[in-house]
2 protein chains.
Amino acid sequence: MGKYTISEVAEKMGVSAHTLRYYDKEGLLPFVEKVNGRRVFKDEDFAWLRVLNCLKKTGMPLKEIRRYQELCAKGDDTLEERLQIMLNQKAAIEEKIELLKLNMKELDYKIWYYQKAIEAGTEKIHSEHMCNPTLEPDEIPDS
Amino acid sequence: MGKYTISEVAEKMGVSAHTLRYYDKEGLLPFVEKVNGRRVFKDEDFAWLRVLNCLKKTGMPLKEIRRYQELCAKGDDTLEERLQIMLNQKAAIEEKIELLKLNMKELDYKIWYYQKAIEAGTEKIHSEHMCNPTLEPDEIPDS
DNA sequence: ACTTGACTTAGAGTTACCTCTAAGTTGTAT
DNA sequence: ATACAACTTAGAGGTAACTCTAAGTCAAGT
């Protein structure tokens, strides 16, 4: 069973050692042992680090992650509560994805808008009175 | 052509008036006129507010949104640059969605894990030596 | 023995994005 | 005329999540 220093873990998880110490201070890594004052990470700790990463990446605040960690530590009595947290998080992700897809549409419109404008050499092509391509610049009404 | 106070706009856009003033201070709303020192929003301002919202919702920092706004103000010379910003943002969103979907899988596993554990009444069902369902509690090796 | 480099701590600083406060002004309703 | 709500400003305060600093400890290599 391997042992790892903080910076080995940091590299593996793609965060800084500073950040891991910060997580530890915030109570997110209560299982980490210390030898001569130094943190020693074990193979089985990576499972939790992966969960931590997953919750963080999906936007859960560190405080809630800590609360989840505390529930895990309490054992079987908290199974339902933990399931609920995961179900909520899944719902939150689904909502996020929907929102991103919706905003993507707006972006796609903008991309089309700029592509057309670049073709025409000017953004004015999109203003109301320019929609008629037969209209020459000097024929465009002032307002 | 309608005119709107800051709090009308705030409600319509789902942000606080405080926040709109902050955006103005940060240079994100350079077009807003003032009458007697008070901001007056016009119908056409909502188009930009929608774009602002879209970029913000998809994670663009306010500074970059401001930069984009400045490019818009400069006119046709910046069309290519603005197209590029939109293309980059689209790519960023796509990456975000992929990442969320990936993390969703981890979450789905956890949901399954807790559902099984709740069925069994204990999380121990998932530990290695419990994978054999014919094994009775008193037959489980100690370590 | 000494240097090197990774580790430790408490705590200060940073960035992004608000969020609020205080003191004052203005427009509208009664 | 007066009250009242909504607006204004500059600037302070807040929160999340780092990020860094200073001063020190420890273990391994030469």
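Because the structure is a prediction, the values reported are computed rather than measured. Numbered from 1 within each chain, the chains take letters A, B, ... in sequence-line order. Side chains are part of it too, since the values below use all heavy atoms of this structure and drop only hydrogens, waters and symmetry mates.
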Side chain of A:Ile6 - closest among C:dT8, D:dC7, D:dA17: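 So the side chain of A:Ile6 is nearest to C:dT8.
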Proximity to the side chain of B:Lys34 - top-ranked nucleotide from C:dG27, C:dT9, D:dT8: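 Shortest atom-to-atom distance from the side chain points to D:dT8.
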CD/B:Glu70: more than 12 non-hydrogen atoms of other groups inside 6.0 Å: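 Yes, the 6.0 Å shell around CD holds more than 12 heavy atoms from other groups.
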May I ask you to evaluate whether [X] reaches the phosphate of [N], defined as a side-chain N or O under 4.0 Å from OP1 or OP2?
X       : N      : answer
B:Asn36 : D:dC7  : no
A:Tyr23 : D:dA17 : no
A:Thr5  : C:dC7  : yes

Steps toward salt bridge (Lys or Arg N to Asp or Glu O under 4.0 Å) verdict (B:Arg82, A:Glu123): CA-CA 11 Å; B:Arg82 286 187 268 159; A:Glu123 234 175 328; 2.9 Å; yes
Touch class at under 4.0 angstrom, heavy-atom based, for B:Ser16 against every strand present: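 No contact.
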Touch class at under 4.0 angstrom, heavy-atom based, for A:Lys25 against every strand present: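 The residue A:Lys25 makes base contact.
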Quick one: [X] [atom1] to [N] [atom2], roughly how many Å, whole number?
X       : N      : atom1 : atom2 : value
B:Leu20 : C:dC20 : CG    : P     : 14 Å
B:Arg38 : C:dT26 : CZ    : C1'   : 4 Å
A:Glu26 : D:dT19 : CD    : P     : 14 Å
B:Asp24 : C:dT19 : CG    : P     : 17 Å
A:Tyr22 : C:dG11 : OH    : C1'   : 14 Å
B:Glu8  : C:dG27 : CD    : C1'   : 14 Å
B:His18 : D:dT8  : NE2   : C1'   : 12 Å
B:Asn53 : C:dC18 : CG    : C1'   : 15 Å

Under-3.5 Å donor-acceptor pair between B:Arg39 side chain and D:dC7 base: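 It does not, because no donor-acceptor pair links the side chain of B:Arg39 to the base of D:dC7 below 3.5 Å.
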Donor-acceptor pair present, A:Arg21 side chain and C:dT9 base, under 3.5 Å: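 Side chain to base: no pair present.
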Geometric class of the B:Trp48/B:Tyr68 ring pair [parallel <30°, tilted 30-60°, perpendicular >60°]: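 Correct class here is parallel.
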Criterion side-chain hydrogen bond (donor to acceptor under 3.5 Å, both in side chains) against A:Tyr23, the qualifying member of A:His18, A:Lys56, A:Arg66: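 It is A:Lys56, the one option of A:His18, A:Lys56, A:Arg66 that forms the side-chain hydrogen bond (donor to acceptor under 3.5 Å, both in side chains) with A:Tyr23.
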Donor on one side chain, acceptor on other, A:Gln84 and B:Tyr114, under 3.5 Å: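 There is no such pair between these side chains.
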